[in-house]
Number of protein chains: 2
Amino acid sequence: MKVIQKKERQHYLEEHSISHLFSFSIEEYLEVHEYQRDEWIIQEGMRPDYLYYVIEGKAKIYLTYQNGKVSLINFINAHDYIGEMELLHEVYYTKGIQASTRTVCFAIPLRPLREQLLEDAKFLRELTKFLSMKATIMAAKYSQSLSFPLENRLADFILQTADGNLYKEKHVTVCDFLGVSYRHLLHVLAQFCEKGYLQKDEKRYRIEKREQLEELAGVLKNG
Amino acid sequence: MKVIQKKERQHYLEEHSISHLFSFSIEEYLEVHEYQRDEWIIQEGMRPDYLYYVIEGKAKIYLTYQNGKVSLINFINAHDYIGEMELLHEVYYTKGIQASTRTVCFAIPLRPLREQLLEDAKFLRELTKFLSMKATIMAAKYSQSLSFPLENRLADFILQTADGNLYKEKHVTVCDFLGVSYRHLLHVLAQFCEKGYLQKDEKRYRIEKREQLEELAGVLKNG
DNA sequence: AAAATAATAGGAGATATCTCATATTTTGAA
DNA sequence: TTCAAAATATGAGATATCTCCTATTATTTT
């Protein structure tokens with residue numbers, strides 16, 4: 001991890017101002033932290049000293065079970081908070097957060113600011129919205145994971161992460177995220193190719209029948 | 001639904017005061033609503049006019065998919081909020097909430113109070129804690145549902161809902177909640193009986209080998 | 001460049017879970 | 001009390017998904 005200082009710090013503060021998220025002036029307290037790919041922003045089980053706000057990059061939330069099984073719980077993107085659970089709860093089992101690209105965050109030190117943050121209606125209102133979205137999304141994912149086979153969830157995932165018509169996620173990450181074995185993921189991808197929905201093209205997959213995938217993904221929608 | 005008035009209302013206000021959750025005086029606005037078993041507190045897809053705070057009873061959150069599949073997402077108990085998503089977000093697909101026992105709630109009318117609530121740091125702080133717990137729990141459930149077979153999740157559920165050594169939940173509810181078929185739930189319950197972990201006793205199941213169940217449930221824990 | 005590690009790929013058999021069919025028992029409503 | 005609906009029970013076969021194994025190819029590290 002690198003703490004970004006001086007001119008560069010100033011640059012980030014101006015380019016990605018978050019002062020509208022607080023009713024007091026927070027800029028002077030903000031540190032700018034930069035993490036490299038695969039670096040751990042928060043280590044599982046360790047209480048962080050900062051509340052983070054992601055301004056660039058992507059990260060992953062991991063949880064390890066006692067039997068050693070590791071589960072990829074969610075992705076984190078720009079404009080997400082990290083460490084909000086630890087701000088709110090005295091006792092909390094901290095999950096691991098790992099940068100999956102170079103990631104830059106504002107780090108809000110809790111020691112001097114905790115009480116002030118917890119009194120700030122503007123900040124709390126935004127945080128509440130963020131958390132309610134998170135809760136809703138997790139509830140939807142939970143429900144979907146129980147209700148539908150991989151075929152449907154993978155179709156949705158491909159459509160959501162495809163760059164144009166090119167799907168190029170890493171299999172290992174995807175099977176962690178969708179909670180299936182590597183073998184089974186390949187099996188369903190092969191089925192999609194066989195049915196002509198996808199075409200394998202070197203390392204990538206090209207979407208050939210978008211409507212069919214949309215139909216498969218469609219059943220995940222509610223209402 | 002019955003609106004409770006006068007002396008009875010006053011009784012609930014005194015017995016279950018929630019004034020400590022707000023920094024302004026809310027009592028005069030509070031309505032007390034009573035729902036019977038199986039009555040819908042909020043109908044799926046309909047925006048509620050109130051924020052509810054449950055003071056007695058239990059309810060269930062349901063979500064319906066386009067193919068008609070219905071999913072039981074979570075249980076709601078005393079001291080939970082209902083309808084907080086609709087308070088926070090202009091656009092939100094409302095889930096259905098059904099009372100599973102007689103349920104009494106404080107109903108906070110949004111029309112006159114919405115703005116005031118969203119400015120109240122004390123209220124927002126409590127709501128934030130509630131939502132963060134909810135998000136954490138959903139994340140844990142999601143991850144568990146992907147990582148472990150029914151055997152483990154059912155063991156955990158039995159221990160959590162057993163009344164002493166008696167497990168007496170309805171199968172239909174449980175298989176909705178754990179997201180498995182009725183057939184399979186019975187199959188795993190039969191296995192538990194065969195192994196002597198449970199003993200079927202009329203309509204109930206008696207826990208015979210608690211440690212074994214705890215061992216099965218234990219792998220869901222993290223850290 | 002060589003060696004080590006991570007990622008991709010696919011076969012084969014086992015297990016978890018689902019669907020469908022059908023019978024019995026319990027519960028709620030007329 | 002009677003009848004219909006809901007819940008319980010169980011069998012049998014299908015499918016989704018997992019585990020284990022073994023290669024091959026990329027990507028890092030030395």
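Quick caveat: nothing in here was measured; it's all calculated off a predicted structure. Naming: A, B, ... by sequence-line order, numbering from 1 per chain.
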| request: Between protein and nucleotides 21-30 of chain C, map the contacts as a letter string: B base, S sugar-phosphate only, - none, heavy atoms under 4.0 Å, written 5' to 3'. | output: -------S--

State which of [options] makes the closest approach to the side chain of [X].
X      : options                : result
B:V172 : D:dT17, D:dA7, C:dT8   : D:dA7
B:L186 : D:dC18, D:dT10, D:dT17 : D:dT10
A:H171 : C:dA9, C:dA16, D:dT17  : C:dA9
A:K170 : D:dT8, C:dA7, D:dT19   : C:dA7

Under 3.5 Å donor-acceptor, [X] side chain and [Y] backbone:
X      : Y      : result
A:R9   : A:L30  : yes
B:K200 : B:L189 : no
B:T103 : B:T101 : yes

Between [N] ([atom2]) and [X] ([atom1]): distance, integer Å:
X      : N      : atom1 : atom2 : answer
B:R204 : D:dA7  : CZ    : C1'   : 15 Å
B:L178 : C:dA16 : CG    : P     : 16 Å
A:K168 : C:dT8  : NZ    : P     : 15 Å
B:Q144 : C:dA16 : CD    : P     : 18 Å
B:H187 : D:dG11 : NE2   : P     : 11 Å
A:L189 : D:dT17 : CG    : P     : 13 Å
B:F148 : C:dT15 : CZ    : C1'   : 17 Å
B:H184 : C:dT15 : NE2   : P     : 14 Å

| field | Distance flag, aromatic centroids of B:F148 and A:Y65, threshold under 6.0 Å | value | yes

| request: Measure from the ring center of A:H16 to the ring center of A:F106 and say whether it is less than 6.0 Å. | output: no

| In terms of heavy-atom contacts, does CD of A:Q36 have more than 12 from other residues, nucleotides or ligands at under 6.0 Å? | yes

| Less than 4.0 Å between a side-chain N and a carboxylate O, is that true for B:R206 and B:E208? | yes

| query | Could you give all pairs that pass the salt bridge (Lys or Arg N to Asp or Glu O under 4.0 Å) test and reach residues 128-140 of chain B, with sequence neighbours left out? | reply | B:E84-B:K134

| said: Is the phosphate of D:dT8 approached by B:Y182 (side-chain N or O, under 4.0 Å from OP1 or OP2)? | reply: yes

| query | Does one side chain, of B:Y93 or A:T136, offer a donor that lies under 3.5 Å from an acceptor on the other? | reply | no

| note | Rounding to the nearest 10°, end axes of the helix from C:dA1-D:dT30 to C:dA30-D:dT1 built from five pairs each make an angle of 60°

| request: On DNA chain C, check which nucleotide each of A:K200 and A:L146 is closest to and give me the residue with the more 5' one. | output: A:K200

